[in-house]
**Q** 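Here it is: the structure, laid out below.
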Number of protein chains: 2
Amino acid sequence: MNESKGRSIPETVKGVPEPTLRRLPLYYRLLKQLRDSGRAGVSCTMIGTELKLDPTQIRKDIEVTGTVGRPKVGYDINELICAIERFLGWDNTVEAFLVGAGSLGEALMGYGGFTECGLQIVAAFDVDPTKCHRVMHGKHVRHVSKLPNLMRRMKVRFGIITVPAAEAQQAANLLVEGGVLAIWNFAPAKIQVPERVIVTNEDLYCSLAVLSQKMTRKLALSRSKGGSKP
Amino acid sequence: MNESKGRSIPETVKGVPEPTLRRLPLYYRLLKQLRDSGRAGVSCTMIGTELKLDPTQIRKDIEVTGTVGRPKVGYDINELICAIERFLGWDNTVEAFLVGAGSLGEALMGYGGFTECGLQIVAAFDVDPTKCHRVMHGKHVRHVSKLPNLMRRMKVRFGIITVPAAEAQQAANLLVEGGVLAIWNFAPAKIQVPERVIVTNEDLYCSLAVLSQKMTRKLALSRSKGGSKP
DNA sequence: CATAAATCGAGAATTATTTCTTTATATATA
DNA sequence: TATATATAAAGAAATAATTCTCGATTTATG
């Protein structure tokens with residue numbers, strides 16, 4: 001008598017702002033910590049203090065998950081955790097294929113935390129035959145030529161690309177051939193896929209740009225203010 | 001007679017929007033490709049077509065780098081590349097220490113492309129003694145206890161954290177002790193640092209959230225429209 | 001040389017996101 | 001029971017970012 005009636009998730013007819021989506025995991029992590037430490041309830045004020053974010057913003061973010069709180073009390077931590085999981089789709093296991101068994105691929109396979117988000121890497125693929133036929137963090141590494149068929153047979157719908165930039169498009173093509181639904185692309189290259197395929201790029205250069213520009217700016221400012229040359 | 005006169009970079013008195021900063025590397029990469037293919041000039045229209053972005057937005061982004069174009073012609077590719085490099089601080093080499101010599105750390109050290117952005121990882125550190133005293137992609141791996149002193153002696157100001165979440169704060173502390181200016185944090189955990197230190201979090205869970213929510217939404221929609229159960 | 005087409009640049013309009021304000025409600029305390 | 005206080009919720013306002021509009025400029029073409 002909780003999920004069945006009407007809109008458990010507000011249908012998401014109108015897309016949720018991406019900034020909100022990116023903040024939800026931050027709350028999620030904190031909530032789990034709080035729960036482990038024995039708390040049962042939490043207020044936006046508390047989350048805000050902890051994460052240095054505006055409480056109103058947090059309240060609006062939580063709203064999209066469909067969770068309701070009580071004045072003066074806040075939210076039930078368990079309920080909130082479940083709501084975020086449900087909203088993000090982290091309550092169901094999604095199997096994924098990983099293309100590119102280099103060190104980045106290995107790092108992701110070894111990253112135990114993804115299962116918490118329902119993401120399970122079930123196999124890895126590589127073009128390099130010397131990397132194939134071995135087991136990495138409990139997952140078989142196979143040759144990329146096997147990918148499309150295996151993907152269809154196993155009904156895997158999620159792909160992770162961890163190959164060098166130059167090979168990213170080929171990797172994407174294989175995944176598309178296998179009927180992929182969503183791709184998490186770690187290669188610093190844009191990939192062309194059919195419109196129906198959802199892509200998120202994890203482009204390290206974009207993040208680095210933010211950091212290095214801020215650093216550059218800071219250095220420039222400190223130099224012009226308190227620096228040696230006026 | 002190009003940089004010396006007046007404001008080569010528009011001083012950046014008022015911070016540049018982060019979305020702009022994150023797009024600049026995309027242009028940068030494309031521009032280098034275009035240059036390699038022999039082109040000398042480029043218009044926002046062309047970049048926009050290539051990257052599927054609005055030309056006006058690109059024009060505004062380019063504006064922050066201080067580059068001026070010519071109507072009907074566009075921008076000089078070389079000039080634009082240099083301006084972006086200068087603006088992001090990618091024209092100067094920045095030396096970095098990496099904390100956490102696991103597979104993610106190894107992946108980053110092996111990632112040749114960072115030198116293009118002026119980022120040079122000069123050494124790695126780990127708490128695990130068995131990982132120390134070896135060479136990884138040409139860089140020495142040392143024990144974390146050596147970090148602060150070495151960092152001050154070598155005047156390294158940039159830190160990269162690739163340790164597990166539970167150890168992130170310790171890693172940050174060491175870097176702060178060493179006088180770090182900016183931290184690129186790959187651990188899925190918030191780190192507490194003095195206000196003067198610039199931090200960029202590369203939190204994979206945040207990106208995954210975007211992707212899995214979109215996927216979940218899509219599946220929900222397709223089920224409610226063309227699915228089996230009405 | 002006049003005309004057409006492409007494109008920059010500036011600013012207006014729109015849209016998205018965040019922050020502020022107010023109101024209502026639940027709990028604790030006197 | 002009455003009062004004070006913390007907080008959610010709803011909506012208004014402010015701010016940030018994107019997209020649109022238009023005038024100016026440069027090159028190409030007849």
Side-chain angles (χ1 to χ4, degrees), chain A residues 7 10 12-24 26-27 30-31 34 39-81 83-84 206 209-210 213-214, chain B residues 6-7 10 12-24 26-27 30-31 34 39-77 79-80 83-84 206 209-210 213-214 217:
Chain A
R7 56 171 235 318
T12 325
V13 209
K14 198 166 174 287
V16 170
E18 195 168 308
T20 294
L21 294 178
R22 298 188 72 92
R23 279 188 301 264
L24 286 175
L26 271 31
Y27 309 151
L30 175 63
L31 290 167
L34 291 173
R39 293 191 62 91
V42 69
S43 72
C44 291
T45 317
M46 183 184 299
I47 301 177
T49 310
E50 209 59 42
L51 260 38
K52 290 187 187 128
L53 291 172
D54 186 291
T56 315
Q57 181 170 71
I58 297 168
R59 205 166 291 129
K60 288 234 193 295
D61 289 343
I62 287 177
E63 215 178 305
V64 307
T65 69
T67 314
V68 294
R70 290 197 303 171
K72 174 85 183 201
V73 180
Y75 304 87
D76 179 82
I77 289 188
N78 265 315
E79 197 185 325
L80 196 42
I81 288 175
I84 293 176
C206 297
V210 177
Q213 205 274 334
K214 281 184 187 165
Chain B
R7 54 171 234 317
T12 325
V13 208
K14 197 163 175 291
V16 171
E18 194 168 309
T20 295
L21 293 177
R22 298 189 72 92
R23 279 189 300 265
L24 287 174
L26 271 31
Y27 309 152
L30 175 64
L31 290 167
L34 291 172
R39 294 191 61 93
V42 69
S43 72
C44 291
T45 316
M46 184 184 299
I47 300 177
T49 310
E50 209 59 42
L51 261 35
K52 292 190 185 122
L53 292 172
D54 186 292
T56 314
Q57 181 170 70
I58 297 168
R59 206 167 290 130
K60 288 232 193 295
D61 289 343
I62 287 177
E63 216 178 305
V64 308
T65 70
T67 315
V68 293
R70 288 197 306 171
K72 174 85 184 192
V73 181
Y75 303 88
D76 179 81
I77 288 189
E79 196 184 325
L80 195 42
I84 293 177
C206 297
V210 178
Q213 204 274 334
K214 280 185 188 165
R217 188 156 83 100

**Q** Between C:dA26, C:dC8, D:dA8, spot the one nearest the side chain of A:Val73, thanks.
**A** C:dA26
**Q** It should be established whether B:Thr56 places a side-chain nitrogen or oxygen under 4.0 Å from OP1 or OP2 of nucleotide D:dT19.
**A** no
**Q** With the side chain of A:Asp54 defined as its heavy atoms from C-beta on, choose the nearest nucleotide among C:dT27, C:dT19, C:dT18.
**A**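 Of the candidates, C:dT19 comes closest.
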**Q** Kindly indicate whether the side chain of B:Lys60 and the base of C:dG11 share any N or O donor-acceptor pair separated by less than 3.5 Å?
**A** yes
**Q** Check whether any side-chain nitrogen or oxygen of B:Arg23 sits under 4.0 Å from OP1 or OP2 of D:dA17, and answer yes or no.
**A**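 So the side-chain polar atoms of B:Arg23 never come under 4.0 Å of the phosphate oxygens OP1 or OP2 of D:dA17.
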**Q** If each of B:Val68 and A:Lys72 is mapped to the nucleotide of DNA chain C with the nearest heavy atom, which maps nearer the 5' terminus, i.e. the 5' end?
**A**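 Closest to the 5' end, via its nearest nucleotide, is B:Val68.
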**Q** Counting only side-chain nitrogens and oxygens, does A:Arg59 get under 4.0 Å of the OP1 or OP2 atom of D:dA8?
**A**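 It does, given that an N or O in the side chain of A:Arg59 lies less than 4.0 Å from OP1 or OP2 of D:dA8.
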**Q** Counting just side-chain N and O atoms, does B:Arg70 come under 4.0 Å of either OP1 or OP2 of D:dT25?
**A** no
**Q** Write down the distance between CG (A:Leu24) and P (C:dT17), rounded to a whole number of angstrom.
**A**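 After rounding, the reported distance stands at 13 Å.
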**Q** Nearest whole angstrom, please: distance from the P of D:dA10 to the CD of A:Gln57.
**A**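 Spelled out: CD on A:Gln57 to P on D:dA10 is 18 Å.
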**Q** Check the distance between C:dC8's P and B:Asp76's CG and give it to me in whole angstrom.
**A**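 Rounded to whole Å, this separation is 13 Å.
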**Q** Tell me: CG of B:Asp61 to P of C:dG9, nearest whole Å?
**A**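 It is 13 Å, rounded to the nearest whole Å.
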**Q** Looking at A:Tyr75, does any N or O in its side chain come under 4.0 Å of the phosphate oxygens OP1/OP2 on C:dA26?
**A**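 For C:dA26, neither OP1 nor OP2 has a side-chain N or O of A:Tyr75 closer than 4.0 Å.
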**Q** Hey, are the side chains of A:Glu50 and A:Tyr27 touching, using non-hydrogen atoms and a 4.5 Å cut-off?
**A** no
**Q** Side chain of A:Pro19 only, please: which of D:dT18, D:dT27, C:dT17 is the nearest?
**A**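 Nearest nucleotide to the side chain: C:dT17.
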**Q** Could you say whether A:Pro71 or B:Gly74 is positioned toward the 5' end of DNA chain C, judged by the nucleotide with the nearest heavy atom to each?
**A** B:Gly74
**Q** Less than 4.5 Å apart, side chain to side chain, heavy atoms only: is that true for B:Ile62 and B:Thr65?
**A** yes
**Q** Which value, rounded to the nearest 0.5 Å, describes the distance between B:Arg217 atom CZ and A:Leu21 atom CG?
**A**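 Rounded to the nearest 0.5 Å, the CZ-CG separation comes to 9.0 Å.
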**Q** Given atom CD1 of A:Ile47 and atom P of D:dT7, what is their separation to the nearest angstrom?
**A** 11 Å
**Q** Output the rounded distance in Å from CG (B:Leu21) to C1' (D:dA16).
**A**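 Computing the B:Leu21:CG to D:dA16:C1' distance gives 14 Å.
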**Q** Applying a 4.0 Å non-hydrogen cut-off, can you work out what A:Thr45 is touching in the nucleic acid: base, sugar-phosphate, or nothing?
**A** sugar-phosphate
**Q** Would you say that A:Ile47 contacts A:Leu53 through its side chain, given a criterion of any heavy-atom pair below 4.5 Å between the two side chains?
**A**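 The answer is no; the side chains never approach within 4.5 Å.
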**Q** Please examine the side chains of B:Pro19 and B:Arg22, heavy atoms only from C-beta on, and report whether any two atoms are closer than 4.5 Å.
**A**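 No. Closest side-chain heavy atoms not under 4.5 Å.
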**Q** What is the distance, rounded to the nearest whole Å, between atom CD of B:Glu18 and atom C1' of D:dA17?
**A** 13 Å
**Q** Which nucleotide, D:dA17, C:dA10, D:dT26, lies nearest any side-chain atom of B:Glu63?
**A** C:dA10
**Q** Closer than 3.5 angstrom, by distance alone: can the side chain of A:Thr49 be matched with the main-chain N or O of A:Thr45 as a donor-acceptor pair?
**A**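 Here the side-chain-to-backbone pair exists.
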**Q** Whole angstroms only, please: what is the CD1-P distance between B:Ile58 and D:dT19?
**A**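 So the two atoms are 10 Å apart, to the nearest Å.
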